[in-house]
Amino acid sequence: MRSITFETKAWAGHMAGQHVDIRLTADNGYQAQRSYSIASPAGCAPDVELTVECVSGGEVSPFLTEELRAGDTIELRGPIGGYFTWNPGSSSPLMLIAGGSGVVPLMSMLRTRNQPASKVPAKLLYSSRSAEDIIYRDELDRLAANRDGFDLVHTLTRGAPAGWKGQTRRVDRDMLAQCGFQLAEEPQILVCGPTSFVETVADQLVSLGHGESAIKTERFGPTGDKR
Amino acid sequence: MQVTRGFKGKQGDSKATTHRVPPGQYVTREFPVLTSGPTQRTPLASWSLALQAGGQLLARWNRAEFEALPQTERTFDLHCVTKWTKLDTRWRGVTFDDLLKAAGLTSTPHMYVMAHCDGGYTTNLPVADLMEGKAMVVTHFDGLPLPAEHGGPARLLVPHLYLWKSAKWVRRLVFMETNAPGFWESLGYHIYGDPWREQRYSGD
């Protein structure tokens, strides 16, 4: 896992949740492209941060996480995707549910919320394999310590360290009911993670009575190399 | 073209298939799932497919009636705008030509179609891109009923365009007089979506 900040030229600004396309070109002209979610807050700042998980056997993520050095120039296009986004002007409570590196676009939303623009109630339910796999752990703790209406719930699926205070199982219906907003609060829900995680969570949210149109999803597959 | 320092890439696709992979795509053996919301789970008993001209119903088939239409089996390569390409996928369903024939249409009422799906998804297509065997409504993948996460009970399949045009959970094909953007086409994606011309986003 590596967070990389790119200094862009003529960045048009982005919404929280959008992504960029990165295109790499070998000296014989061979090219490879992939999409990565933006981690930095919404806005027009020319510095755009991505957090990239190295997919073993992947083509672009190993380059970004292991080979890329400060000062290199990269072909980056964006922002892309106008649906899996959060508008800080929205008054609906914000329910974010992340599996693994699916937390990246949701982090952009939380960072955007932490700017003065919005203080709608927000919750992040974040499933990781182990405590070491949690991305942005310290920053999330700091955001939660602000006590400004943001609640953080971690769950670990492959064992927890001594003294762990979070959840210790896969996200299930009970956990969603317990950690989420009430139906009457009409939260906007964004779910991002591996395909099987998102499928399960989205189905359970629907079964709890949340409206399908209030649930936005972004899935990535085992070989998808997305983000 | 700017060379990226230190990038070699896998360059692993065999010569035999390289010509089948559009620019900017890579080959995967998986079948990724990309959907903007929850998977739709429509019971077969309440499924039907309608053909309309604007608000006027031209034909409608329930599952049994759809299964009784001429069935076609075809193998296609799929190209998703998120960069993956999947080669040699095997499908069964009814060609758009056979749907027109079954509806008793000898010509099409308009030049464009909007596909409407369970869950509210839409995508727009020129009629010419659906005719002459270029598009099907499919119910089976690789010999088995199409799983819900891949669009079952039935999805549109327009394999020569990026896969967002092959709408999952399709229920209505509505002819329209003028072209209009569907869901992704309204959100920055290309109005037509030809992978060989790399028409990913508006303006490409």
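Both backbone and side-chain heavy atoms feed into the values below; hydrogens, waters and symmetry mates do not. Quick note on labels: first sequence line is chain A, next is B, and so on, each numbered from 1.
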Exercise. Looking only at side chains, do Thr51(A) and Ser3(A) share a donor and an acceptor under 3.5 Å apart?
Worked result: yes
Exercise. Would His154(A) and Tyr126(A) count as a close aromatic pair, with their ring centres under 6.0 Å?
Worked result: yes
For this session: Give, as side chain, backbone, both or neither, the part of Arg69(A) having an atom under 4.5 angstrom from any heavy atom of chain B.
Result: both
For this session: Would you mind checking which part of Phe63(A) comes under 4.5 Å of any heavy atom in chain B, side chain (CB onward), backbone (N, CA, C, O), both or neither?
Result: side chain
For this session: State whether a side-chain donor-acceptor pair under 3.5 Å links Asp21(A) with Tyr36(A).
Result: no
For this session: May I ask you to decide if the ring planes of Trp91(B) and Phe31(B) are parallel, tilted or perpendicular, using 30° and 60° as cut-offs?
Result: perpendicular
Exercise. Does Tyr30(A) have Lys8(B) sitting over its ring (NZ/CZ under 6.0 Å from centre, angle to axis within 45°)?
Worked result: no
For this session: Please check if any side-chain donor atom of Gln167(A) sits under 3.5 Å from a side-chain acceptor atom of Arg169(A), or the reverse.
Result: yes
Exercise. Considering only heavy atoms, which portion of Leu68(A) lies under 4.5 Å from any heavy atom of chain B: side chain, backbone, both, or neither?
Worked result: backbone
Problem set entry | Residue, of Lys216(A), Arg77(A), Gln31(A), that accumulates the most heavy atom pairs under 4.5 Å with chain B | Arg77(A)
Seminar exercise, completed: Max heavy-atom pairs within cutoff under 4.5 Å with chain B, candidates Asp72(A), Ile215(A), Leu24(A), goes to Leu24(A)
Exercise. Most heavy-atom pairs under 4.5 angstrom with chain A, which of Gly24(B), Gly188(B), Cys80(B), Pro23(B)?
Worked result: Gly24(B)
For this session: With a 4.5 Å cut-off on heavy-atom pairs, point out which of Val206(A), Asp27(A), Ile80(A) contacts chain B the most.
Result: Ile80(A)
